[in-house]
Number of protein chains: 2
Amino acid sequence: MRIGELSSRTGVSVRSLRYYEEQGILTSVRSAGGQRHYTEEHVDRVGFIRCLFAAGLSSRAVAELLPCADAPSDRTTGAALERMRNERDRLSDRIGELARARDRLDGLIAANEAYQSRTPSSRSRNSLRSTPPP
Amino acid sequence: MRIGELSSRTGVSVRSLRYYEEQGILTSVRSAGGQRHYTEEHVDRVGFIRCLFAAGLSSRAVAELLPCADAPSDRTTGAALERMRNERDRLSDRIGELARARDRLDGLIAANEAYQSRTPSSRSRNSLRSTPPP
DNA sequence: CTAGAACCTCACATCGGTGTCAGAGGCAAG
DNA sequence: CTTGCCTCTGACACCGATGTGAGGTTCTAG
């Protein structure tokens, strides 16, 4: 398939697909006229890239992981394996950060909901408190 | 305290603190000469901002949430409450994304570890497989 | 063969948060 | 008052992924 079809099937813009190739994380076979051609496998590859991108990995980081992703092989150096572990740990940390932020938001939401459910007459007095009284 | 101290106490650069003020998410009281002065509360405020930033919220999003964060009050409109819920849900979705990516990384790591722990003689044959044989 | 759709490369623009620099002014200790 | 540190504003630069547009080429249907 050509780049337009890969784009519509993955939901990734043509521009981005070309960028991925430029960054060395997506390959293509060129036709005689220079047009890119892809196979079904590239659809999966793009999905994988998007997954890692969504997780906040940079194209450089993805480029370093892909040799291992394609197939475990002797080229999968210990260093690459360590990079994968590092990224995974970084992801875990990040998930923790997000969870903390979500908890803080939950606290705010609860406080505001509690406030709003009180009777109007009880409201006007304590508009400076950040938590409801016990 | 002045901006330098707030910076060193929060670990946030002076430049960023000024930027936060410019974005309306951090306040300060100016001295006669125009210098910013802060109180202890601002230390917490900066921490809160950093938490939300770390979670991927934009300064605009933070600006919309802060009126509710300071204190539940009548200014906390239903719309603002809804925005908070939206952000929280967005965060939950994002956490899911990260978790998915982490699982994929874990799969890769496991596959590569399994590969590497095999005997050297069994390696050379299947370097094109993406999963170990059953 | 021809028209039109799809594709090519190259280059510049965008966004948000931050770094950095220049030139000027505030403030406290000596 | 001077010295030295801190702060002020304003401007420009950066990063990474993507958008956008120009100008030219390839492919495919009729």
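On a predicted model such as this, the values are computed, not experimentally measured, just so you know.
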Qualifying residues under side-chain contact (heavy atoms from CB on, under 4.5 Å), relative to [X], sequence neighbours excluded:
X	result
E21(B)	S28(B), R30(B), R36(B), Y38(B)
S16(A)	V12(A), S13(A), Y20(A)
T39(B)	E41(B), H42(B)
D44(A)	none

Take atom [atom1] of [X] and atom [atom2] of [N], then tell me their distance rounded to the nearest Å.
X	N	atom1	atom2	result
E22(A)	dA17(D)	CD	C1'	11 Å
L17(A)	dT9(C)	CG	P	13 Å
I49(A)	dG16(D)	CD1	P	17 Å

Do R90(A) and E87(A) meet the salt-bridge criterion of a basic N to acidic O distance under 4.0 Å? yes

Salt bridge (Lys or Arg N to Asp or Glu O under 4.0 Å) filter on R100(B), not counting sequence neighbours, yields none

Across all chains, not counting sequence neighbours, the salt bridge (Lys or Arg N to Asp or Glu O under 4.0 Å) partners of R83(A) are E64(A)

**Message:** Tell me whether the side-chain N/O atoms of S31(A) come closer than 4.0 Å to OP1 or OP2 in dT26(D).
**Reply:** no

So which protein nitrogen or oxygen atoms get under 3.5 Å of nucleotides 28-30 of chain C's nitrogens or oxygens?
none

So, the side chain of R88(A) versus the backbone of R104(B): is there a donor-acceptor pair under 3.5 Å, distance only?
-> no

Return yes if some donor-acceptor pair links the side-chain N/O of R94(B) with the main-chain N/O of A54(A) below 3.5 Å, else return no. yes

Applied to residues 78-107 of chain A, the ring-ring contact (aromatic ring centres under 6.0 Å, His included) test, sequence neighbours excluded, yields none

Residues at least two apart in sequence or cross-chain that pass side-chain hydrogen bond (donor to acceptor under 3.5 Å, both in side chains) with S31(B), listed by chain then number, are none

Using a cutoff of under 3.5 Å, can you pull out all pairs of nitrogen or oxygen atoms linking the protein to nucleotides 13-18 of chain C, with atom names and distances?
residue	atom	partner	partner atom	Å
dG17(C)	OP1	S59(B)	N	2.7
dG17(C)	OP2	Y19(B)	OH	2.4
dG17(C)	OP2	S59(B)	OG	2.9
dT18(C)	OP1	R50(B)	NH1	2.6
dT18(C)	OP2	S16(B)	OG	3.3
dT18(C)	OP2	Y20(B)	OH	3.1
dT18(C)	O5'	S16(B)	OG	3.1
dT18(C)	O4	R15(B)	NH2	3.2

Review item, nucleotides 7-9 of chain D N/O atoms under 3.5 Å of protein N/O:
residue	atom	partner	partner atom	Å
dT7(D)	OP1	G4(B)	N	2.6
dC8(D)	OP1	R36(B)	N	2.9
dC8(D)	OP1	R36(B)	NH1	2.9
dC8(D)	OP2	R18(B)	NE	2.9
dC8(D)	OP2	R18(B)	NH2	3.0
dC8(D)	OP2	R36(B)	NH1	3.4
dC8(D)	O5'	R36(B)	NH1	3.3
dT9(D)	OP1	R30(B)	NH1	3.2
dT9(D)	OP1	R30(B)	NH2	3.3
dT9(D)	OP2	R36(B)	NH1	3.0
dT9(D)	OP2	R36(B)	NH2	2.7

query = So do M1(A) and H37(A) actually touch side chain to side chain, heavy atoms under 4.5 Å?
reply = no

Heavy-atom closest pair (I25(B) atom, I49(B) atom, distance to 0.1 Å) is O-CD1, 3.3 Å

The correct set of residues in residues 87-99 of chain B placing a heavy atom under 4.0 Å from DNA chain C is none

